[in-house]
Amino acid sequence: MRAILRSRHRPETVPLAASNRTDACAPPAATDTAPLRALAEQAFSRTAGAPLIGGNAIRLLRDAEENYPAWLEAIGTAERSVLFENYIVHDDAIGSQFADALIARARQGVRVRLVYDWLGCLRTASRGYWARLREAGVEVRAFNPPRWESPLGWLSRNHRKSLSVDDRVAYVSGLCIGQVWAGDPRRGTGAWRDTGVEVRGPAVADVVHAFARAWAETGSPIPADELPRREAIASAGEAALRVLATMPSVAGLYRLDQMIAALARETLWLTDAYFVGTSSYVQALRQAAMDGVDVRLLVPGASDIPLLSPVSRGGYRSLLEAGVRVYEWNGPMLHAKSAVADGRWARVGSSNLNIASWMGNWELDVAAEDEAFAEEMEETYLADLDGATEIVLVAHNRVRRVDAASRRGLRRRAAGSGAPRQRRASGSAGQLAAGAIRVGNTFGAVIANRRVLGSAEAKTMATAGALLGVVALVAVLWPRLLAWPLAVLAGWSALALLVGAHRLHRKGESAEPGQGPPQGPAGR
């Protein structure tokens with residue numbers, strides 16, 4: 001299969017690569033397509049909300065075995081600054097390694113800033129862990145802790161995982177900090193499957209600015225003279241990259257993922273930890289598959305959020321019927337979030353294919369328009385399929401796993417299929433919310449008769465029906481159990497709105513005539 005993939009013809013005018021084929025060795029006919037390439041570049045930049053940045057080097061890093069040592073080495077060589085943000089940090093052996101590394105640099109006079117997500121680290125790191133860092137000189141901030149003036153504000157999380165050192169190197173990945181990512185040979189537990197990238201060159205500036213925007217959300221901003229400019233960072237390679245720093249309600253990556261699904265002509269291979277695609281995205285994948293594109297989706301066989309697995313599996317049938325090939329990882333948790341299309345475009349980062357990542361969280365991804373990197377991503381994807389089981393439709397449209405003998409040459413790794421499964425200590429409210437949205441979509445389809453449902457969604461419908469039945473029973477027998485929480489939430493929300501309105505009114509009165517609203521750090 002690998003030989004076939006390499007020899008497959010790729011047209012010179014494939015839209016996904018249009019903006020990256022500007023070298024002097026392009027064929028003569030390329031001049032005729034220059035306007036189309038410029039239009040494609042404009043469309044990608046406006047859709048993603050991120051420009052294409054040339055002159056970079058990008059390196060693929062697999063799992064904790066490759067990511068953690070690279071991160072620790074970069075921290076250890078820091079001379080001026082370390083910017084570190086992560087959704088989950090565990091107070092365990094791995095967490096201690098990173099704490100020691102950050103403390104050592106802070107004591108040497110390096111400016112070390114760290115942002116952790118309040119909800120993500122709620123049960124994984126103690127106050128003493130953060131206190132130890134602060135006492136050593138590390139600037140530590142918690143992202144979006146609960147605030148009384150924002151009753152539901154805690155739903156938006158900083159799901160990013162990034163590290164920037166001295167404006168010379170940056171790391172973007174799906175890995176959090178903890179022993180579960182590295183595995184524990186003494187207990188016989190394998191490492192989680194995850195993916196990250198190392199970036200050098202002008203694109204590092206965009207990773208730094210993304211961190212600065214998140215930092216400003218937690219307190220005073222980083223001074224502008226400490227933030228690098230792209231043109232001040234020397235070229236490090238030939239890769240063209242986009243740094244996709246998404247925030248709540250921006251939906252830049254959502255639009256880009258839809259566009260990639262629409263433009264892919266030969267292959268679109270996806271890996272996702274918590275797949276709960278929206279109806280429009282699922283339809284985009286279906287249309288691509290029905291149009292002859294080789295669309296594949298690799299997801300966990302067992303999730304660290306058990307409630308999400310049946311919700312995710314409920315969406316298999318419509319994909320399989322359209323020709324999308326679905327695989328489940330056999331080993332410990334598959335936590336990677338990546339994509340590769342047409343051997344030209346690839347994405348790696350923190351964003352999952354669900355509404356929580358697309359619309360609700362702060363996320364960070366790197367999209368590369370580089371054939372060498374995309375080819376490496378393809379090779380990695382095929383290697384991952386060796387440790388996965390394909391899901392197929394059988395009689396009556398039921399979904400089942402394929403046995404090893406019928407997987408068209410894809411081999412299962414004995415070690416991968418027999419590895420024990422683990423659960424993470426702390427899940428994500430955003431992933432659960434994404435699952436709830438899928439249940440809600442199914443419920444709405446039944447009530448409003450918007451679309452035809454299949455047998456694979458029967459379990460989701462049954463679960464939703466049972467839950468609503470319980471709510472109805474509680475409302476009849478013990479109405480106060482529902483009334484009091486609703487009254488508290490309504491009163492809390494009303495008070496928060498009134499106080500917010502008063503603050504805005506006072507701010508408007510204090511502003512000088514003719515002045516516009518003050519510009520925040522994100523507007524620079």
Inset, instruction - Kindly write out the residues that satisfy salt bridge (Lys or Arg N to Asp or Glu O under 4.0 Å) with Asp194, not counting sequence neighbours, or none if the list is empty. - result: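 Asp194: no salt bridge (Lys or Arg N to Asp or Glu O under 4.0 Å) contacts found.
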Inset, instruction - Applying salt bridge (Lys or Arg N to Asp or Glu O under 4.0 Å), name anything that partners Glu198, two or more places apart in sequence or on another chain. - result: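 For Glu198, the residues satisfying salt bridge (Lys or Arg N to Asp or Glu O under 4.0 Å) (neighbours in sequence not counted) are Arg59, Arg200.
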Legend entry - Which residues share a ring-ring contact (aromatic ring centres under 6.0 Å, His included) with Phe143, sequence neighbours left out: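 ring-ring contact (aromatic ring centres under 6.0 Å, His included) list for Phe143, sorted by chain: Trp362.
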Legend entry - Residues in ring-ring contact (aromatic ring centres under 6.0 Å, His included) contact with Tyr281, at least two apart in sequence or another chain: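 Residues passing ring-ring contact (aromatic ring centres under 6.0 Å, His included) with Tyr281: Trp358.
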Inset, instruction - Please identify each residue that fulfils side-chain contact (heavy atoms from CB on, under 4.5 Å) with Ala203, with sequence neighbours left out. - result: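 For Ala203, the residues satisfying side-chain contact (heavy atoms from CB on, under 4.5 Å) (neighbours in sequence not counted) are Ile53, Asn56, Val199, Leu241, Val243.
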Inset, instruction - For Pro228, check side-chain contact (heavy atoms from CB on, under 4.5 Å) against everything at least two apart and list the hits. - result: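 For Pro228, the residues satisfying side-chain contact (heavy atoms from CB on, under 4.5 Å) (neighbours in sequence not counted) are Asp167, Ala205, Val208, His209, Ile233.
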Legend entry - Passing candidate, side-chain hydrogen bond (donor to acceptor under 3.5 Å, both in side chains) with Glu363, options His159, Lys337, Arg160: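 Result for side-chain hydrogen bond (donor to acceptor under 3.5 Å, both in side chains) with Glu363: His159.
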Legend entry - Polar side-chain atom of Ser357 near backbone of Leu353 as donor-acceptor pair, under 3.5 Å: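 Not at all, since once roles are kept as given, no pair shorter than 3.5 Å links the two residues.
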Inset, instruction - Look only at the side chain of Ser156 and the backbone of Gly360, and say whether a donor-acceptor pair between them is shorter than 3.5 Å. - result: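 Yes, because the side chain of Ser156 sits within donor-acceptor range (under 3.5 Å) of the backbone of Gly360.
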Among all residues two or more places apart in sequence or in another chain, which pass the side chain to side chain donor-acceptor pair (under 3.5 Å) test with [X]?
| X | value |
| --- | --- |
| Thr195 | Arg193 |
| Gln287 | Gln283 |
| Ser164 | none |
| Tyr254 | Gln258, Thr278, Ser280 |

Inset, instruction - Show your reasoning for whether side-chain contact (heavy atoms from CB on, under 4.5 Å) applies to Thr271 and Leu334. - result: CA-CA 9 Å; Thr271 301; Leu334 173 76; 3.9 Å; yes
Legend entry - Ion pair check, Asp342 and Arg265, cut-off under 4.0 Å: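 No.
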Legend entry - Cationic N near anionic O, under 4.0 Å, Arg168 to Asp166: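 Between Asp166 and Arg168 there is a salt bridge, with a charged N closer than 4.0 Å to a carboxylate O.
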Taking atom types as modelled, find out whether [X] and [Y] have a side-chain donor-acceptor pair closer than 3.5 angstrom.
| X | Y | value |
| --- | --- | --- |
| Asn330 | Thr389 | yes |
| Arg296 | Thr267 | no |
| Asn67 | Ser173 | no |

Inset, instruction - Under the salt bridge (charged side-chain N to carboxylate O under 4.0 Å, His left out) rule, what do Arg213 and Glu217 come out as? Steps first, then yes or no, please. - result: CA-CA 7 Å; Arg213 285 191 290 271; Glu217 287 290 310; over 6 Å; no
Inset, instruction - Sequence neighbours left out, what pairs pass ring pair (Phe, Tyr, Trp, His ring centres under 6.0 Å) with at least one residue falling in residues 282-301? - result: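 Non-adjacent pairs meeting ring pair (Phe, Tyr, Trp, His ring centres under 6.0 Å): zero.
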Legend entry - Sequence neighbours excluded, every pair satisfying salt bridge (Lys or Arg N to Asp or Glu O under 4.0 Å) that has a member inside residues 243-261: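 Only Asp257-Arg347 qualify under salt bridge (Lys or Arg N to Asp or Glu O under 4.0 Å).
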Inset, instruction - Flag the pair Arg242 / Ser45 as yes when at least one side-chain heavy-atom distance between them is below 4.5 Å, and no otherwise. - result: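 Answer yes - side chains close enough.
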Inset, instruction - Any chance you could lay out the side-chain contact (heavy atoms from CB on, under 4.5 Å) test for Val197 and Phe373, step after step, and finish with the verdict? - result: CA-CA 10 Å; Val197 292; Phe373 181 73; 3.7 Å; yes
